[in-house]
Asker: 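I am attaching a structure below and will ask some questions about it afterwards.
Below, read A as the first sequence line, B as the second, and so on, with proteins coming before strands; counting in each chain starts at 1.
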Amino acid sequence: QVTLRESGPALVKPTQTLTLTCTFSGFSLSTSGMCVSWIRQPPGKALEWLARIDWDDDKYYSTSLRTRLTISKDTSKNQVVFTMTNMDPVDTATYYCARKRNSLGGAHDYWGQGTLVTVSS
Amino acid sequence: DIQMTQSPSSLSASVGDRVTITCRASQSITTYLNWYQQKPGKAPKLLIYAASSLQSGVPSRFSGSGSGTDFTLTISTLQPEDFATYFCQQSHSIPPAFGQGTKVEIK
């Protein structure tokens, strides 16, 4: 059974760095074709893809946010860590981690429940 | 970056109706197009991948079609549990953009 769960602070102050952890089970990020993405959704708005890390440690970032983002993995712990620097109130959103499988045409087949992050002083 | 445009942004329909949602890419993505359903307060759920392949466990009333730049999600007979927001997403190239969503509401 595949599960993913996001964890991290619910509230961060402007200019601070957000660090979120995705802890997953039911698959290994060392298996060829497995990837984990971070995706966010501001309240009432659309989904926005942020970053992805692949089984071979390749990393990809949003064009507009790449200078603020870092993604890494700890395969032994089944975790993916995501950081976003210089947080602003416009970054208030629910942040999801999701598994992407190349065998499904690159679709995200399992998602975490999401964690709401509010940016406010 | 590839842009994804969905239409309509919202629609009202009745149980039993046939519903069609359209997604257009700003350039060809062949069949690298996925559809998700999202209910309030929940994570998105994968319905269709690779434009027309039904994800395991998804009812057969959902279907997808299209290639290149124009794609369609069809719900053949709308059920009460289908009232939700639907998003398309391209997985052809980085960044894998989502459409803005289509909210299906009860008429």
Side-chain angles (χ1 to χ4, degrees), chain A residues 1-7 20 22 24 26 33-54 58-69 71 93-116, chain B residues 1-10 21 23 25-26 29-58 62 64 66-67 71 73 84-103:
Chain A
Q1 180 188 1
V2 173
T3 64
L4 301 97
R5 185 182 77 251
E6 305 87 354
S7 58
L20 296 174
C22 177
F24 57 88
M34 292 294 177
C35 318
V36 170
S37 295
W38 283 92
I39 295 155
R40 72 178 178 180
Q41 185 173 37
K45 296 189 177 181
L47 298 161
E48 179 184 16
W49 179 87
L50 299 172
R52 189 184 96 206
I53 190 164
D54 294 356
D58 278 349
K59 300 163 188 174
Y60 304 90
Y61 297 100
S62 160
T63 305
S64 59
L65 295 170
R66 66 180 303 109
T67 60
R68 299 173 53 202
L69 305 180
I71 193 169
T94 296
Y95 287 74
Y96 296 99
C97 62
R99 185 179 81 165
K100 169 191 174 293
R101 284 178 60 188
N102 290 345
S103 60
L104 293 183
H108 294 88
D109 61 343
Y110 285 93
W111 295 62
Q113 64 189 19
T115 186
L116 175 61
Chain B
D1 295 0
I2 296 175
Q3 311 299 320
M4 306 301 294
T5 304
Q6 282 183 241
S7 61
S9 56
S10 66
I21 299 168
C23 181
S26 59
I29 56 172
T30 62
T31 56
Y32 286 94
L33 192 283
N34 313 302
W35 290 99
Y36 301 86
Q37 176 194 67
Q38 187 180 32
K39 295 182 178 179
K42 300 294 186 181
K45 172 188 174 183
L46 177 64
L47 299 176
I48 302 284
Y49 64 93
S52 60
S53 295
L54 194 66
Q55 171 66 345
S56 176
V58 174
F62 291 93
S67 66
F71 301 88
L73 172 70
T85 300
Y86 294 84
F87 293 95
C88 62
Q89 182 213 12
Q90 66 87 7
S91 49
H92 178 273
S93 57
I94 297 292
F98 290 86
Q100 80 275 21
T102 296
K103 187 173 184 179

Asker: Given the options A:Gly114, A:Gly112, A:Gly106, which has more heavy-atom pairs under 4.5 Å with chain B than any of the others?
Answerer: A:Gly106

Asker: What part of B:Gln38 gets closer than 4.5 Å to chain A, counting heavy atoms only: side chain, backbone, both or neither?
Answerer: side chain

Asker: Among A:His108, A:Lys100, A:Arg99, whose side-chain hydrogen bond (donor to acceptor under 3.5 Å, both in side chains) with A:Ser37 holds?
Answerer: A:His108

Asker: Heavy-atom distance under 4.5 Å to chain B: side chain of A:Tyr110, backbone, both or neither?
Answerer: neither

Asker: Using heavy-atom distances under 4.5 Å, tell me whether B:Lys42 contacts chain A through its side chain, its backbone, both, or neither.
Answerer: backbone

Asker: Shorter than 4.5 Å, heavy atoms on both sides: which option in A:Thr94, A:Leu50, A:Leu116, A:Leu47 has the most such pairs with chain B?
Answerer: A:Leu47

Asker: Working to the nearest 0.5 angstrom, can you tell me the gap between B:Phe87 CZ and B:Ile21 CD1?
Answerer: 10.5 Å

Asker: Do you know which of B:Trp35, B:Tyr32, B:Tyr36 has the most heavy-atom pairs with chain A at a distance under 4.5 angstrom?
Answerer: B:Tyr36

Asker: Find out whether A:Leu20 and A:Ser7 are in side-chain contact, i.e. whether some heavy atom of one side chain is under 4.5 Å from a heavy atom of the other.
Answerer: no

Asker: Does A:Gly105 offer a backbone N or O that forms a donor-acceptor pair with the side chain of B:Ser91 under 3.5 Å?
Answerer: yes

Asker: Rounded to the nearest 0.5 Å, how far does CG of A:Asp58 lie from CD1 of A:Ile71?
Answerer: 11.5 Å

